[in-house]
Structures are given as structure tokens and as C-alpha cells.
Amino acid sequence: MPVEHRVAARGRLRARVVGVVAGRVSVPGMGQEGEGGASGRGRCVGWPALDERRGPLQASLGTLGQWLQPGMADSAQAQKLVYLVTGGCGFLGEHVVRMLLQREPRLGELRVFDRHLGPWLEELKTGPVRVTAIQGDVTEAHEVAAAVAGAHVVIHTAGLVDVFGRASPETIHEVNVQGTRNVIEACVQTGTRFLVYTSSMEVVGPNTKGHPFYRGNEDTLYEAVHRHPYPCSKALAERLVLEANGREVHGGLPLVTCALRPTGIYGEGHQIMRDFYRQGLRLGGWLFRAIPASVEHGRVYVGNVAWMHVLAARELERRAALMGGQVYFCYDGSPYKSYEDFNMEFLGPCGLQLVGARPLLPYWLLVFLAALNALLQWLLRPLVLYAPLLNPYTLAVANTTFTVSTDKAQRHFGYEPLFSWEDSRTRTILWVQAAGSSAQ
Ligand SMILES: NC(=O)c1ccc[n+]([C@@H]2O[C@H](COP(=O)([O-])OP(=O)(O)OC[C@H]3O[C@@H](n4cnc5c(N)ncnc54)[C@H](O)[C@@H]3O)[C@@H](O)[C@H]2O)c1
Ligand SMILES: C[C@@H](CO)CCC[C@@H](C)[C@H]1CC[C@H]2[C@@H]3[C@H](O)C=C4C[C@@H](O)CC[C@]4(C)[C@H]3CC[C@]12C
């Protein structure tokens, strides 16, 4: 079992850490390997001093700001890096964490930072890479700074994903915008040079005017107009990340940032897919078409999104001039379909049927029901949280074509999808079946 303890960084800075080190529990500051905390800029009391954590060879390579200079010794040992994944226990975050462990040869330590730590982190402690679980909140600057201190690369995927009115607009802003600001400032203060941010297609659209974005790319002109707190927050956060590119970090070198924009992610762990499956089971195996089949909604497999993060993080240093300050849509071989038809690729083989070649209800009635749901949510808020899937915003997103067609990630950092459409489909079907049966 992991041992929970408090870690102090830079005097007053504190974050709740659950240390999980390959094969055993790590208790920094308690006399185990890697001990040696120091307080002071960029360091955590109770954590190993940076140079000690990097090992003797790496320690001899110099200060944090110099760690990846050209001409450095290029042995695998000299290249061992500390990665931090914020939101590492979320749907995407877990895939990023596992992908890093499987596919990042230079990984020396992986810090997983999340408000809610998953029990599955336990199983990672048997591997060769040191995995450090950190329970913390991105809105708490001192917790973020403590987690970032000494990391070489940050993948910032933590976010409050809420388009259903569960959280207040203020909370969404606090987590997504202030949280991102805290991550950037922590990088600057502690000398972390490489930051990959999980943005969203919603930074672009669909816009409030319902304009289609048909197989567009990063350069497609589109009127991005947001009103909903979630896309507003993602757009602001993305801008912060891109504007931070080139800022001088502690040690004098420039920060290199980029933002990845997934469309609708699907795959193992996708809660909305599971909810649709359970709803279909409750309805005797039927789902009812609400959106015309002609409305294309972009989807991308979670394993490929995770792979894109790992590759982008890896290549940011070598291709800083090209990639710094850039945005990349996440894409793969998933077919262009409507939201519902796409879901049926998985729910169909699990025994559900989508009724109707056309929407069963007229669109004006859906608009009315969505507005009614919004009104009910507002009226009931003092008593109970009423947050159905259908509201004016989700209806507009589902009912507006938004698909991407680009190869920018391939051109800039050699991304090719790791999972074919067939693999992605099979893996998702197996997960839906398992998730559905565990719900019975
Ligand atoms: N799911 C999608 O279709 C999709 C599409 C595009 C972009 N994104 C983006 O991808 C990222 C991950 O989304 P997801 O679908 O995995 O969501 P998720 O809710 O499953 O994961 C988010 C994680 O962030 C953590 N988190 C939330 N608030 C936090 C806080 N204050 N401090 C620390 N951790 C906090 C959560 O505990 C969770 O583990 C988000 O930034 C989201 O905006 C998601
Ligand atoms: C009208 C309903 C009839 O079946 C269907 C409602 C579906 C909606 C709940 C979802 C349709 C599109 C989804 C969003 C999209 O895939 C992209 C997103 C971006 C990401 O950053 C967060 C999640 C989401 C907003 C996603 C949320 C659910 C939908 C609105």
C-alpha cells in the first residue's frame, strides 16, 4: 500500500503526495533511495534534490536549465527524464500515463498529478520506471509548483470537462484557466522547459452560429465565437499556453509549448459512451436517432490522442523552432460519421439498435426539450442538480458538422496513428461490453 505523506516545497509550498516507486513505496525524506530534499527555488523539501534524482551521471551534466543542451552525452542513461502528467487519472490522462510507460524510452520518473488518484496507479509500481502519484489541485499554485519542480516535461491534461451544467462557470474558469496559468508559472519559476497542453476542438468550434467546419485543418478560417463556459475556458487556456512559448524560464532558457486539440475522444474509459450503452440497455436495446446522419462529428481514438501527446512531448526539444507555439488537431483513421452513427460502431456489436434512418423528433421539438432541460436545471438548482445530456449547447454541438482533415502533426513531429480504425473499434467494443456487463 502506498504511504501518504506531505511534501513541502520552497518553504510554504505543500502538495499531498502518494509516492509509488517501482516495486515498492517511496517515502521521500524518510531515508529511502532518492532522499535528500532541499528547500529553495525549484526544490521540494522532502523530495530528492534535483541532481540526486537525476542520478550521478545526469547530476554531473549541470543545472536544470542545461539538461538538454546539444552536445550533451547521448547515452540512454544521460537522457532519463522526469515527466509530469496533470490530470493523469482522467480518461485521457490514464492513457497518456500508460503510453509514456510503454513508449517513452527516456522516461526516468513519471509524476501523476490529479485531484483524485486512481487505484490502478498501484499496479504501475511493479514496473522499472519510478511512478510518483501526487494528489493535488491545479488551482492551488503552490501544489502545482511543488509537482513541477524538477520535471523536464509537463503534459497538462487536467481539466474540468463540463458541458452539462454540473459545475459553475466560475469553477470551470478556475480549473481550466487559472489551473493552466499555475502550470505555466510553475514551469517558468522552476525551470521546466517543455509543456504540452491538451486543448480541444471546441477552442475553434462549433461556433454559436452553427457554421459547419467540414474537414478543416489548423489554418482553416472559421469564426470562433463562444459563449459556453467550457469552450471559453479552453480557448483562454490555450491562448495562455501559446503566448507562454518563448518565455524565459529559471536558468535562462526559453519555454517551449504547444497545444493539441482533440475532437470528441472515444475509447476505453469513455463515460458518455458507457452511459449511452446503459441507456440503450434500459430501453430494451433501442436508441432513437435525434441527429441527421448527414451531420459529421469528428472523433478520435484515445490511444492515438495519448500517442500524439507522447510524441509531441518527445519532439518539442528537437523541433522547438518548428513546434513551439503551435496548435495541432488530433486525428486518426476514425471514419467521418454523425455522433450517433459513430457510437453505433461500438454499441451495435454490443447488441443495441439505432431506430430511424432520420431523426424521430422534429428539430424544433429537440430545441424545445433542450431549452426545457435548461430551464428545469435552473429552477431545480437550489434543490437538486439536474444535468441531463441534452441541453441547448450539447444539441448545437451534436447537430453541427465539425470534422478535421489534416497532416500537420505528421509533418511537424512525425505522428502516425498507433492504432488503426479496426484496432480502435475492437478495443472500444471490448471495453463497452465489459463496462456494460459490470453495470448489470
Ligand atoms: N473527452 C473529450 O472528448 C475531450 C476532447 C477534447 C479535449 N479534451 C480535454 O482533454 C483533457 C482530459 O479530458 P478527459 O475527457 O480525460 O476528462 P476527465 O474528466 O476524464 O479527466 C480530467 C482529469 O483532470 C482531473 N482534474 C479535474 N480538475 C482538477 C483539478 N482542479 N486539479 C487536478 N486535477 C483535476 C480530474 O480528476 C480528471 O482525472 C481535458 O483538458 C479536456 O478539456 C477532452
Ligand atoms: C442530442 C443527443 C441525442 O442522442 C446527443 C447528445 C450528445 C452530446 C452529449 C455529445 C455530442 C458531442 C459531444 C462533445 C464533442 O464530442 C466534443 C467535446 C469536446 C471536449 O473538449 C469535451 C467533450 C465534448 C464537449 C463532447 C461532450 C458530449 C457531446 C456534446
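This structure is a prediction, so every number in the text was calculated from the model and none was measured. When a ligand or atom number is given, it counts from 1 through the structure's own listing order.
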Anything under 30° is parallel, anything over 60° is perpendicular, the rest tilted; go ahead and classify Phe346 against Phe342. perpendicular
Amino acids in close contact with ligand 1, where any non-hydrogen atom sits under 4.0 angstrom away: Gly87, Cys89, Gly90, Phe91, Leu92, Asp114, Arg115, His116, Gly136, Asp137, Val138, Thr157, Ala158, Gly159, Val161, Val175, Thr198, Ser199, Ser200, Tyr230, Lys234, Pro262, Thr263, Gly264, Ile265
Those atoms of ligand 2 less than 4.0 Å from some heavy atom in Ala398: 11 (C)
Search all heavy atoms of Asp114 against all heavy atoms of Gly90 and return the closest pair with its distance. OD2-N, 3.7 Å
Answer yes or no: is there a donor N or O on one side and an acceptor on the other, between the side chain of Asp332 and the main chain of Asn304, under 3.5 Å? no
Which residues share a side chain to side chain donor-acceptor pair (under 3.5 Å) with Tyr266, sequence neighbours left out: Ser334
Is a donor on one side and an acceptor on the other found under 3.5 Å between the side chain of Lys234 and the backbone of Thr198? yes
Taking only heavy atoms of Ala290 into account, list the atoms of ligand 2 that are under 4.0 Å away from them. 3 (C)
Taking it one step at a time, do Asn182 and Gln178 satisfy side chain to side chain donor-acceptor pair (under 3.5 Å)? CA-CA 6 Å; Asn182 290 342; Gln178 187 56 40; 3.0 Å; yes
Proximity to ligand 2 by part of Glu340, non-hydrogen separation under 4.0 Å: side chain
Less than 4.5 Å apart, any side-chain heavy atom of Asp407 and any of Glu416? no
Determine whether the side chain, the backbone, both or neither of Ile272 has a heavy atom under 4.0 Å from any heavy atom of ligand 2. side chain
Exercise check, heavy-atom protein proximity under 4.0 Å to atom 25 (C) of ligand 2: yes
Look at the side chain of Thr86 and the backbone N and O of Thr157, then say whether any donor-acceptor pair between them is shorter than 3.5 Å. yes
Looking only at protein heavy atoms, which one is nearest to atom 23 (C) of ligand 2, and what is the separation? Val161 CG1, 4.0 Å
State, yes or no, whether a side-chain contact exists between Val256 and Met323 at a heavy-atom distance under 4.5 Å. no
If you count the non-hydrogen atoms of other residues, nucleotides and ligands that lie under 6.0 Å from CZ in Arg289, is the total more than 12? yes
Check each heavy atom of His297 against ligand 2 and say whether those closer than 4.0 Å belong to the side chain, the backbone, both or neither. side chain
Would you verify that at least one protein heavy atom lies under 4.0 Å from atom 3 (C) of ligand 2, or report that none does? yes
Nearest non-hydrogen protein atom to atom 17 (C) of ligand 2, with distance, is Glu202 OE2, 3.8 Å
For the residue pair Lys408 and Tyr328, would you count it as a cation-pi contact if the rule is NZ or CZ under 6.0 angstrom from the ring centre and within 45 degrees of the ring axis? yes
Which atoms of ligand 2 are found less than 4.0 Å from any heavy atom of Val163? 25 (C), 27 (C)
Is a side-chain N or O of Asp275 found less than 3.5 angstrom from the main chain of Gln279, in a donor-acceptor match? no
Give me the residue, atom name and distance of the protein heavy atom closest to atom 8 (C) of ligand 2. Thr394 CB, 4.0 Å
Side chain to side chain donor-acceptor pair (under 3.5 Å) between Ser233 and Asn176, worked out: CA-CA 6 Å; Ser233 71; Asn176 293 350; 3.0 Å; yes
How long is the gap from SG on Cys350 to CG on Asn343, to the nearest 0.5 Å? 11.0 Å
Show the atoms of ligand 2 that are less than 4.0 angstrom away from any heavy atom in Ser200. 19 (C), 20 (C), 21 (O)
Numbering as shown, the atoms of ligand 2 that approach Leu390 to under 4.0 Å (heavy-atom distance): 1 (C)
Show the atoms of ligand 2 that are less than 4.0 angstrom away from any heavy atom in Tyr339. 7 (C), 10 (C), 11 (C), 12 (C), 13 (C)
Atom 9 (C) of ligand 2 [closest protein heavy-atom partner, distance rounded to 0.1 Å]: Phe164 CE2, 3.9 Å
Suppose we measure from atom 5 (C) of ligand 2 to each protein heavy atom; which comes out shortest, and what is that distance? Phe276 CZ, 4.2 Å
Under 4.0 angstrom from ligand 2, any heavy atom of Tyr230? yes
